[in-house]
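Encoded as structure tokens, the structure appears first; notes follow it.
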Amino acid sequence: MSELESEYRLEYFEENDFVRKECPSCGAHFWTRDHDRETCGEPPCADYSFIDNPGFDEAYTMEEMREAFLSFFEDNDHARIDPYPVAANRWRDDVLLTQASIYDFQPLVTSGETPPPANPLCISQPCIRMQDIDNVGRTGRHTMAFEMMAHHAFNAREEAEGEYAYEGEVYWKNDTVRYCDELFESMGANLDEIVYIEDPWVGGGNAGPAIEVIYKGAELATLVFMSMKQDPEGEYELKDGNRYSPMDTYIVDTGYGLERWTWMSQGTPTVYEAVYPDMIAFLKENAGIEHSEDEEQLIHRAAKLAGHMDIDEADDMDVARDNIADKLDVNVSELTALTRPLEDIYAIADHCRALAYMFGDGIVPSNVGTGYLARMVLRRTKRLVDNVGIDAPLDELVDMQAKRLDYHNRDTIRDIVRTEEAKYRKTLERGSRRIEQLADEHAGTGDPIPTDELLELYDSHGIQPDMVKEIAEERGATVDVPDDFYSLVAARHDSEQAFQDQDETDDRLRELPDTEKLYYEDQQRTEFEAVVLDVFEREEGYDVVLDQTMFYPEGGGQPADRGSLTSEDLTAEVSDVQIRDGIVLHRTDRDPGKGEFVRGQVDVTRRRRLMRHHTATHVVGYAARQVLGDHIRQAGAQKGTTSSRFDITHYERITREQVKEIEHVANEIVMDNHPVKQEWPHRHEAEEKHGFDLYQGGIPPGTNIRLIHVADDVQACGGTHVKRTGDIGCIKILNTEPVQDGIERIVFAAGDAAIDATQRSEDALYDAADVLDVTPQEVPDTAERFFTEWKERGKTIDRLKSELAEARAAAGGDEIDIDGTPVVVQRLDGDTDELRKMANAFVDEGKVAVLGSANGGSATFVVGVPDDVDVNAGELVGQLAQKVGGGGGGPADFAQGGGPDVDELDDALDDAPELLKSVLNA
RNA sequence: GGGCUCGUAGAUCAGUGGUAGAUCGCUUCCUUCGCAAGGAAGAGGCCCCGGGUUCAAAUCCCGGCGAGUCCA
């Protein structure tokens, strides 16, 4: 780290008479104007000194503080940028949630491939961090949801001119620190109390020097100077043990916590009271929490020490609590009783904000991805709400935050919360029953409920061990939750996933120029001429590279075109088309020859069908959004020639009624015959105009992107489309199915494929009608009638068999007497059911029944024995069945068996009296 | 995406290879002025679907469909 020391010797520090010091408590190096300062000033090396003693001239609300920050940087020539969604997986696939403002510009802007929306810029980016979830509410300063205010500058080294999407240096370290100082100054802060701690930053393959900004005990900002990338040959070894080397781009990445700044300006006991005063007041009142003057005092004093309550840093929460109680000279349990409900309330307000962000940005609860995170937060919040005794419905609490955040889809958000809450309630009900059952089993034994059971309850049924303890102990069972419970859960899941290697790039391929894509110029044309630039021999066939092509390569869920390439000498069939780094590869069965002129012919019928389905996909997506709500987003799509599937995010099953409505809306768009337009605007222009909903099928790289307009629907899309919606013909939804929790699949057909599909289902109906000999309209009623009749007949047959069995039994059989016991041995070819009924009938008359049958190619025996006769039916059947090459068994009073040797049946029955005799005598 | 659990009467669930069950609910009757409750009788099951193993599958095996849950 010492290698980085020079990185922090800034001219700005020198000019303003800062001194560099080492904290005697934690060893960190820091810069300060106060030459007498000793510690770094950050908890646990110091306490908060701004509670009840705000660090700024005025108290700001969160909204005011955001505006103050952004306008400060606007006045300093930064462009103000609108925030991005919290669902970062909408533009990158390496993370789920937006955790910092720099996430907005990774990876394309930070790497220099795409220009930033402005340079320099400022933003206030909503973020969600799940890592600190256990600290939320307790430390007074941690939140899961927060806004990271930031200013960024994207610099490129002068040597690298022209290689990146931005050039030269905007500003670097000195200006960044100066801005920070000036911002503090504009708020009326005491500059002598600001501490700049040296704290190198490493993460995500990048690194650089960084400075933590501490004021009155609170970390208010982090200034990161991202300038290095991971490199095994690099000259710097950083704290993660890896080596790093300088990059060509270097980026100012700052983070100013909006909530902390607001808190600092108000000096409330906790950050939560500063940022959600109304909601906290509401929750307190609803939960019936009131404090006396003395209690209020105590809470304030505890808050100043609460910086020590950090699960990561303090070894143990209880120790930290003890510490605080000790310093305040009060009883720990008293303090806990006072602060615990407050901590829950703070967490609820924070969690509700996180949920509002998530659902507001279109995340749908699920068992995977961001949806799962949302579900976890919601369930946790629900537990807290119940715990602290708040009776307001959860959707109302979330709505309070959604309203404050000004989301326009509040009805959907509430609906999602209610649906999800109901699901959780069911899970809890199921869980309670399971626990009660388990508790009753173990209550008498004196042993605690086994840990395995606890693990399964949690892992397979989502039941918290706390809940098991609570319910089970009420029923007199003991529960020991092991301390390492969650690591035991983790142990059940340890399976490594293999990473796929990237296929090596072909050097010869890289030399070739990008293929000119004629299919974008005129999507209706299917014939073209081209020059063969190169031919690669593959295991099966050839990959042909042309200078230009009409063939659409597989992409965006649209399958590749097929067709042929014809030269003077031969015609090669094109069976597949792929694109690699801008070069289109045509897979053919013959080699047309490098340098040849060829005429390309795309399979027209196939292409037309694909185009219809592709445009139809946009239309169906738009219609689904109209019918189901704005949260609908594409979660995957695959176009085909006979049908296409389109996966959408939705929180419940799509009903039949909704399907019909979607179909109507979609076909109206078709009938209105809207033009389908394409354009290639600059990506920033497009984003500004249409927002992130543009990127339904993923984010394309590049400065300009292709937009497809279908009626009011706009999407970034690289596929081929029909000219007007009327060309689709018609759209028929064939099916909907759940792909995973929170994602529904719509299967549909367009154009002639829709007709084909409709005809197929009609055929099925007609065939069914034919079988039933009724009209198609009568099929449902008739089917129901038949099914009911069929069931009734089954019952009738059953009854008749019983009656028949009784009648036969009454008629008596070849009854013999063995040692005073009446025995009937009889062959009667019927099914097992009949034999059983007859055997029962004989037994009712006090007779032993030995019945045999040859039915369906095998021999069957049933033996019934009255209670007062000492014969083991199971054994007897076993012996009889052996004679026909099979086996059998059953309880002592009633048994069945059989075997394949039907011919031996009569002999076996003949032997029955003898066998019986020996069993009786035994 | 991966792991685990579960699909049996209207509901909740027993049933681990040998005659499909319990509780609640439902219907009818009795008791009651009426209700709650009680008593008696009864109806109600393609044991999720399709294969396989077996003399025999609700039960065991494989596949599918559906539900739940945990992890990334």
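For clarity, every value in this text was computed on a predicted model and none was experimentally measured.
One finds no side-chain N or O of A:Arg653 lying less than 4.0 angstrom from the OP1 or OP2 phosphate oxygen of B:G66. Of the side-chain N and O atoms in A:Thr427, one or more sit less than 4.0 angstrom from OP1 or OP2 of B:U69. Contact annotation: A:Arg375 reaches the phosphate of B:U69 (side-chain N/O to OP1 or OP2, under 4.0 Å). Checking the phosphate oxygens (OP1, OP2) of B:G45, a side-chain nitrogen or oxygen of A:Lys795 falls inside 4.0 Å. Within the 4.0 Å cut-off from OP1 or OP2 of B:C70, not a single side-chain nitrogen or oxygen of A:Arg492 is found.
With A:Tyr424 as the fixed residue, the side chain to side chain donor-acceptor pair (under 3.5 Å) test singles out one of A:Glu429, A:Arg383, A:Lys382: A:Arg383.
Taking atom P on both nucleotides, B:A57 is separated from B:C48 by 15 Å, rounded to a whole Å. With both ends at atom P, the span from B:A41 to B:A56 equals 38 Å, rounded to whole Å. Comparing the C1' positions of B:G44 and B:U59 gives an interatomic distance of 23 Å, to the nearest angstrom. Using P as the reference atom, B:G50 and B:A58 are 12 Å apart when rounded to the nearest Å. Between B:A40 and B:C4, the distance separating the two P atoms is 48 Å to the nearest Å. Between B:A67 and B:G42, the two P atoms lie 39 Å apart (nearest whole Å). Comparing the C1' positions of B:C30 and B:C13 gives an interatomic distance of 31 Å, to the nearest angstrom. For B:G7 and B:G25, the P atoms lie 25 Å apart once the distance is rounded to whole Å.
With B:U69, B:C4, B:A67 as the candidates, the nucleotide lying closest to the side chain of A:Ser460 is B:C4. Of the candidates B:C55, B:A67, B:U5, the closest approach to any side-chain atom of A:Glu456 belongs to B:U5. Taking the side chain of A:Pro891 as heavy atoms from C-beta on, and the options B:C70, B:G18, B:U12, the nearest nucleotide is B:G18. Among B:G68, B:U19, B:C55, the nucleotide with an atom closest to any side-chain atom of A:Gln896 is B:U19. Checking B:C70, B:G66, B:U5 against every side-chain atom of A:Met376, the shortest atom distance belongs to B:C70. For A:Val489, counting side-chain heavy atoms from C-beta on, the closest listed nucleotide (B:C46, B:G66, B:C70) is B:C70. Here the nucleotide nearest the side chain of A:Arg836, chosen from B:A20, B:U69, B:C4, is B:A20.
Atom P of nucleotide B:C70 and atom CD of A:Gln740 are separated by 15 Å, given to the nearest angstrom. Atom CD of A:Glu652 is separated from atom P of B:G68 by 12 Å (rounded to the nearest Å). The distance between atom CD of A:Glu420 and atom P of B:U69, rounded to the nearest whole Å, is 8 Å. What separates NZ of A:Lys426 from C1' of B:G7 is a distance of 14 Å, to the nearest Å. Whole-Å rounding puts the A:Lys791 NZ to B:C47 C1' distance at 14 Å. Computed from coordinates, the A:Gln437 CD to B:A14 C1' distance equals 8 Å when rounded to whole Å. Rounded to whole angstrom, the span from the CG atom of A:Leu455 across to the P atom of B:U69 amounts to 18 Å. Atom CG in A:Leu488 sits about 17 Å away from atom P in B:C4, given to the nearest Å.
Ionic pairing of A:Asp907 and A:Lys883 is not present here: no N-O contact between side-chain nitrogen and carboxylate oxygen is shorter than 4.0 angstrom. Taking 4.0 Å as the cut-off between side-chain N and carboxylate O, A:Arg375 and A:Asp741 count as a salt-bridged pair. Between A:Asp833 and A:Arg836, at least one side-chain N (NZ, or NE/NH1/NH2) sits under 4.0 Å from a carboxylate O, which counts as a salt bridge. Salt-bridge annotation for A:Arg380 and A:Asp134: present, with a side-chain N of the basic residue lying under 4.0 Å from a carboxylate O of the acidic one.
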Just to be sure I follow the notation: if a pair is Watson-Crick (purine N1 to pyrimidine N3 plus N6-O4 or O6-N4) or a G-U wobble (N1-O2 and O6-N3), each under 3.5 Å, what dot-bracket string does RNA chain B give, with | for pairs to another strand? (((((((..((((....[..)))).(((((.......))))).....(((((..]....)))))))))))).
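Here the closest heavy-atom approach between residue A:Ile648 and residue A:Ala624 is recorded as CD1-CB, 4.4 Å.
Counting any heavy atom pair closer than 4.0 Å across all strands shown, A:Asn367 reaches a base atom. Using a 4.0 Å heavy-atom criterion, one finds that A:Gly899 contacts the sugar-phosphate atoms exclusively. Among the atoms of the strands shown, none is found under 4.0 Å from any heavy atom of A:Gly864. A:Gly462 comes within 4.0 angstrom of the backbone, heavy atoms only, and of no base. Nucleic acid contact class of A:Tyr458 (heavy atoms, under 4.0 Å, all strands): sugar-phosphate only.
Heavy-atom contacts from other residues, nucleotides or ligands closer than 6.0 Å to CD of A:Glu784 number 12 or fewer. Counted within 6.0 Å of CG on A:Asp763, heavy atoms from surrounding residues, nucleotides or ligands total more than 12; the atom is thus considered enclosed. Within 6.0 Å of CG on A:Asp483 lie no more than 12 heavy atoms contributed by other residues, nucleotides or ligands.
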If you apply the rule salt bridge (charged side-chain N to carboxylate O under 4.0 Å, His left out), what do you find for A:Arg785 with A:Asp781, and how did you get there? CA-CA 6 Å; A:Arg785 187 164 56 79; A:Asp781 284 346; over 6 Å; no
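A donor N or O paired with an acceptor N or O is not found under 3.5 Å between the base of B:U69 and the side-chain atoms of A:Asp459.
Evaluation of A:Phe894 against the base of B:U19 yields a stacking contact (centre distance < 5.5 Å, interplanar angle < 30°).
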